[in-house]
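Taking it in order: structure first as structure tokens, then the write-up.
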Amino acid sequence: MEEKERKDKFLTDSNIEIKRVYYPSPSPSGRVGEGFEQPGEFPFTRGVQSTMYRSKLWTMRQYAGFSTAEESNKRYHYLLNNGTTGLSVAFDLPTQIGYDSSHDFADGEVGKAGVAIDSLRDIEILFEGIKLENITTSMTINSTASILLSMYIALAKKQGADLKKISGTIQNDILKEYAARGTYIYPPKPSMRIITDIFEYCSKEVPKWNTISISGYHIREAGSTAVQELAFTLANGKAYLKAAIDKGLDINVFAKRLSFFFNAHNNMFEEVAKFRAARRMWAKITKELGATDPKAQMLRFHTQTGGSTLTAQQPQNNIPRVTIQAMSAVLGGTQSLHTNGFDEAIALPTEEAARIALRTQQIIGFESGIVDTVDPLAGSYFVEALTNEVEAAAWDYIHKIDAMGGSVDAIEQGYLQNEIAASAYKYQRDIQSGEKVIIGVNKFTGEEAPLKDIFTVDDSIRQLQIDKINKVKSERDNEKVVSLLKKLDESARADVNLMPVILESAEAYATLGEIADTLRGVFGEYTG
């Protein structure tokens, strides 16, 4: 059933009516649209909904999280008051790799790359004044995804929320960590076990939650090409599908809650072609693995504009860069979008930079007109040919990975890492030679005044977090925490789903580090 559209009619400024979708004319049958691919239908090249943005714009997210939960909460309220429609949480590095702020390894990193979360108390503060039933929350977390999701669920329960209604996404994509980013904890096999435990648990308890956001973003940030980003991301997705199927899960159930996370760079048409090809390829992959429900065959994705494309030189140039990238994501049919602040090559974004980034999305959505028809670049000789060529090149990579035994084996052999490194080297060499032009860096350079407003995080917040941990430990039932961590250890050694006991531990205010260390004691750490 088609969703109700936002307007009775969509018109240009000259009062020309815009149709929902356009086709070559005349059609083979003489009837409009007959014989041509429809948006919202397999293989979804033209989009996963039949009406796309004519019914509802994409979710406008701004990636935010820094310092303490108290400070990040203020930024979330600021963004919500300025029209953002979903929250996207960044976590600091100690949180990402399972260390409390009090750990020696956390020194110098607390609150820097994102918000520091040590226990359920921090999650309570982070979302204070925000009803979890009323928003969608995306959490960029992988190794400790099960712990952060459990804390989020625990808070939802404390708020009296209906767990069947809360929605959002955890990234939960460990394979790209081994291939491109490095914030892993456990070896691949136990990591895949935890991921499939999350799939199984959420399908029953929080069915609207997207249990994984299979990420090409960080693969691209590490230096891959657009084709490599697409191929390696879908190959990883295929590995997750097979792991879940091997666990006995129904692909027609769990695949509906898988989503993807792509990068958007400056070559607009290649990016649009990548997004269109991604939908078509994923539809074929899921169908081959047994998916018959169209919703299990759909590739839904979040996009973030390219952090690695931002320059510290002439940082205001990043505003048009982000605009181009955001337009490519919308023209490519994204379901959710984050736009980077112009100052992020220098520091965390200021409130002004975050506001401009959000306004960029809003101008595209409400002023540009590119949202008024579905898949507006369809039928372009260039875009259609490029979509086919990007797809063919990506399949070549996937076939090579399949021949190695799949993504896990290809990563263990270093194949993905080596391909990414080679592309990154070529890209940097082309910039140095001038073959690749970067405005303000190797062409049209000049004197510029430094930015006056730079956002920094003070190292003193580590002590604030340590004090908070100590307070939590002095107030909780420590005997209960010890008992639950022992139960978690036993569960990790047995063939049982880990999510219920992780949730119990989070509810008892066990710290993130305590839970992660318990699992380290069973699974060990991956050293590459």
Indicate yes or no: at least one non-hydrogen side-chain atom of Gln335 is less than 4.5 angstrom from one of Gln49. yes
Step-by-step side chain to side chain donor-acceptor pair (under 3.5 Å) determination, Asn73 to Glu128: CA-CA 7 Å; Asn73 176 262; Glu128 189 170 352; 5.9 Å; no
Against Phe301, only a single residue in Phe275, Tyr217, Phe261 fulfils ring-ring contact (aromatic ring centres under 6.0 Å, His included); can you say which? Phe275
If I compare all heavy atoms of Ala326 with all of Ile364, which pair ends up nearest, and what's the gap? CB-CD1, 3.6 Å
Can you tell me if NZ on Lys247 sees more than 12 non-hydrogen neighbours from other groups inside 6.0 Å? yes
Is the backbone of Thr350 close enough, under 3.5 Å, to the side chain of Asp343 for a donor and an acceptor to pair up by distance? yes
Validation row: Leu416, Asn236 side chains within 4.5 angstrom (heavy atoms): yes
Between Ala239 and Leu175, which heavy-atom pair has the shortest distance, and what is it? CB-CD1, 3.8 Å
Donor-acceptor contact present, side-chain Ser143 to main-chain Thr183, <3.5 Å: yes
Hey, could you give me the CD/CD1 distance between Gln297 and Ile285, rounded to the nearest 0.5 Å? 12.0 Å
More than 12 heavy atoms from other groups under 6.0 Å of NZ on Lys480: no
Got Ile319 and Ile356 here, is their nearest side-chain heavy-atom distance under 4.5 Å? yes
Would you please test Glu514 and Arg476 for salt bridge (charged side-chain N to carboxylate O under 4.0 Å, His left out) and show each step? CA-CA 14 Å; Glu514 288 172 332; Arg476 72 189 185 182; 2.9 Å; yes
Whether the side chain of Gln304 engages the backbone of Asn340 through a donor-acceptor N/O pair (distance < 3.5 Å, no angle test) should be reported. no
Could you tell me whether a side-chain N or O of Arg257 sits under 3.5 Å from a main-chain N or O of Pro207, the two making a donor and an acceptor? yes
Would you find a donor on one side and an acceptor on the other, under 3.5 Å apart, between the side chain of Thr144 and the backbone of Ala516? no
Quick one: which of Glu221, Glu229, Arg220, His218 gives a side chain to side chain donor-acceptor pair (under 3.5 Å) with Asn263? Glu221
Quick one: does NZ or CZ of Arg359 land under 6.0 Å from the six-membered ring centre of Phe342, within 45 degrees of the ring axis? no
Indicate yes or no for a side-chain donor-acceptor contact from Asp92 to the backbone of Thr95 under 3.5 Å, with no hydrogens or angles considered. yes
Presence of salt bridge, Lys74 and Glu71, under 4.0 angstrom: yes
For Glu3, is there an ion pair with Lys56 - N to carboxylate O distance below 4.0 angstrom? no
Determine, stepwise, if the pair Arg61 / Thr136 fulfils side chain to side chain donor-acceptor pair (under 3.5 Å). CA-CA 9 Å; Arg61 299 189 187 277; Thr136 65; 2.9 Å; yes
Any chance you could measure Leu498, atom CG, to Thr518, atom OG1, to the nearest 0.5 Å? 11.0 Å
Under the criterion salt bridge (charged side-chain N to carboxylate O under 4.0 Å, His left out), I'd like the reasoning laid out for Asp197 against Arg193: C-alpha separation, chi angles, the key distance, then a yes or no. CA-CA 6 Å; Asp197 280 356; Arg193 172 197 168 174; 3.7 Å; yes
Could you check whether any side-chain N or O of Asn252 sits under 3.5 Å from a backbone N or O of Asp293, counting only pairs where one atom can act as donor and the other as acceptor? yes
Electrostatic pair Lys158:Glu507 at N-O distance under 4.0 angstrom: no
Between Ser55 (side chain) and Thr51 (backbone), is there a donor-acceptor pair under 3.5 Å? no
Tell me if a side-chain donor or acceptor on Asp122 pairs with a main-chain N or O of Ile117 at a distance below 3.5 Å. no
Does a side-chain N-to-carboxylate-O contact under 4.0 Å join Lys164 and Glu133? no
When you measure from the centre of the six-membered ring of Phe42, is the NZ or CZ of Lys287 closer than 6.0 Å and no more than 45° off the axis? yes
Apply side-chain contact (heavy atoms from CB on, under 4.5 Å) to residues Tyr186 and Ser191 and explain how you reach the verdict. CA-CA 6 Å; Tyr186 319 111; Ser191 293; 3.6 Å; yes
Return the minimal non-hydrogen interatomic distance between Ser213 and Thr169, and the atom names on each side. CB-CG2, 3.6 Å
Could you check whether the rings of Tyr178 and Tyr526 sit parallel, tilted or perpendicular, using 30° and 60° as the cut-offs? perpendicular
Evaluate the criterion salt bridge (charged side-chain N to carboxylate O under 4.0 Å, His left out) for residue pair Arg121 and Glu124; output intermediate values, then yes/no. CA-CA 5 Å; Arg121 182 63 190 134; Glu124 291 167 351; 3.0 Å; yes
Run the numbers on Tyr99 and Asp104 for side chain to side chain donor-acceptor pair (under 3.5 Å), then give the verdict. CA-CA 9 Å; Tyr99 291 118; Asp104 289 346; over 6 Å; no
Might you work through the ring pair (Phe, Tyr, Trp, His ring centres under 6.0 Å) test for Trp209 and Tyr152, ending with a clear yes or no? CA-CA 11 Å; Trp209 196 269; Tyr152 192 89; 5.2 Å; yes
Neighbour count >12 (heavy atoms, 6.0 Å) for atom NZ, Lys473: yes
Can you measure from CD1 (Ile214) to CD1 (Ile219) and round to the nearest 0.5 angstrom? 10.5 Å
Does a salt bridge link Asp517 with Arg520, judged by any charged N lying under 4.0 Å from a carboxylate O? yes
Which atom pair, heavy atoms only, marks the closest approach of Ala492 to Leu519? CB-CD2, 3.9 Å
Apply salt bridge (charged side-chain N to carboxylate O under 4.0 Å, His left out) to the pair Asp107 and Arg462, showing each step before the final yes or no. CA-CA 8 Å; Asp107 192 16; Arg462 183 178 182 228; 3.7 Å; yes
Are there over 12 heavy-atom neighbours, none belonging to Glu475, within less than 6.0 Å of that residue's CD? yes
Do the charged groups of Glu490 and Lys487 touch, with an N to O distance under 4.0 Å? no
Any donor-acceptor pair under 3.5 Å linking the side chain of Thr339 with the backbone of Ala357? yes
Asp246/Lys242 ion pair, N-O < 4.0 Å: no
